[in-house]
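Computation of the quantities below employed the complete heavy-atom set of this structure, encompassing side-chain atoms and omitting hydrogens, waters and symmetry-equivalent molecules. Throughout, residue positions are numbered sequentially from 1 according to the sequence presented.
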Amino acid sequence: MIRFFPGVCAWLLLAAVLPLPAQIYSSRFSSQDVYLYDETTGDRIGAAAFIPTDPSVLENPHGIIDRTTDIIVASWTDEIQRYDRVTGAYLGNFVDSGEGLVNPVYMEVGPDGWLYVSSQANHRMYRYNRDGETGTAVDAGPFIEGGDLNGPSGFDWSPDGTVLYV
């Protein structure tokens, strides 16, 4: 005989649809790991790295974007990689090497919804469709190159979203 306990069933259903708690991901350039922290307390979650060092996959992690279903990490393997948001397991590349990125550093979703990435070693910026399992380049080439752009790292937009500052 199976017995149902309405209160327990409702709690399990609610727990299955609620988002995960707010988390902060921290990349460590020197150890090449990614650690997870509780956004409220600032305490590190777990004793070990959330994404441990694996030079064959992740090298010098930098920018990290939480897409609620997974996280994407800029890697100096000239890729943007996908990881499971719960387990930290490697899911594959979001952007493959050979797509123009050379030492990607910073990533941010712009006011237009595109994913912007600074490519530090070749002095360029790229933008990609941020949805799906792989990022599709929006432009045929880099979004920004030349001029006085030299080793772009951080960037942000004006309050009205019309000017990009690099």
Side-chain angles (χ1 to χ4, degrees), residues 17 19-37 39 45 49-166:
V17 296
L20 292 172
Q23 301 167 344
I24 298 172
Y25 301 90
S26 173
S27 61
R28 289 194 180 173
F29 183 83
S30 61
S31 66
Q32 302 191 34
D33 298 322
V34 174
Y35 288 87
L36 187 59
Y37 293 84
E39 185 179 74
I45 299 171
F50 180 66
I51 300 172
T53 300
D54 183 353
S56 66
V57 178
L58 183 63
E59 181 181 333
N60 299 332
H62 277 75
I64 301 171
I65 302 274
D66 184 340
R67 300 190 319 159
T68 68
T69 55
D70 59 10
I71 60 172
I72 53 176
V73 180
S75 171
W76 277 17
T77 54
D78 301 334
E79 301 161 334
I80 299 173
Q81 299 167 347
R82 291 180 54 238
Y83 292 87
D84 185 277
R85 185 175 189 269
V86 176
T87 67
Y90 175 66
L91 300 175
N93 289 339
F94 182 71
V95 175
D96 289 324
S97 64
E99 298 286 326
L101 292 174
V102 182
N103 296 357
V105 177
Y106 187 69
M107 302 186 298
E108 191 171 320
V109 176
D112 54 7
W114 300 122
L115 174 68
Y116 288 77
V117 182
S118 62
S119 182
Q120 195 173 48
N122 64 357
H123 318 295
R124 298 175 178 170
M125 289 195 59
Y126 292 85
R127 60 185 179 171
Y128 301 92
N129 179 339
R130 67 182 171 123
D131 300 323
E133 290 185 11
T134 59
T136 306
V138 175
D139 308 292
F143 172 64
I144 300 173
E145 71 177 326
D148 292 328
L149 193 63
N150 187 358
S153 293
F155 54 88
D156 207 349
W157 284 264
S158 62
D160 66 0
T162 61
V163 179
L164 174 63
Y165 295 97
V166 182

F50: which of I45, D33, I71 passes side chain to side chain contact (heavy atoms under 4.5 Å, CB included): I71
For Y106, does its backbone N or O pair with a side-chain atom of S118 as donor and acceptor, under 3.5 Å? yes
Kindly give the heavy-atom pair with the smallest separation between Q120 and S153, and that separation in Å. NE2-OG, 2.8 Å
Taking distance alone, no hydrogens or angles, what donor-acceptor pairs closer than 3.5 Å link side-chain atoms of residues 157-166 to residues at least two apart or in another chain?
| unit_1 | atom_1 | unit_2 | atom_2 | d |
| --- | --- | --- | --- | --- |
| S158 | OG | D160 | OD1 | 2.6 |
| S158 | OG | T162 | N | 3.3 |
| S158 | OG | V163 | N | 3.1 |
| D160 | OD1 | T162 | N | 3.1 |
| D160 | OD1 | T162 | OG1 | 2.7 |
| D160 | OD2 | T162 | OG1 | 3.2 |

Return each pair, listed once, that meets ring-ring contact (aromatic ring centres under 6.0 Å, His included) where at least one residue sits in residues 120-153; pairs must be two or more places apart or across chains. Y116-F143
Looking only at atom types and distance, does a side-chain atom of S26 sit under 3.5 Å from a main-chain N or O of Y35, one as donor and one as acceptor? no
What ring-ring contact (aromatic ring centres under 6.0 Å, His included) pairs are there with at least one residue in residues 51-95, not counting sequence neighbours? F29-H62, F29-W76, H62-W76, Y83-Y90
D139: which residues meet the salt bridge (charged side-chain N to carboxylate O under 4.0 Å, His left out) condition with it, sequence neighbours left out? R127
Can you sort out the partners of D70 under salt bridge (charged side-chain N to carboxylate O under 4.0 Å, His left out), two or more places apart, ordered by chain and number? R67, R82
Under the side-chain contact (heavy atoms from CB on, under 4.5 Å) test, which residues partner A121, sequence neighbours left out? V102, N103
Interatomic distance, I72 atom CD1 to T134 atom OG1 [nearest 0.5 angstrom]: 11.0 Å
Roughly how far apart are I51 CD1 and D84 CG, rounded to 0.5 Å? 9.5 Å
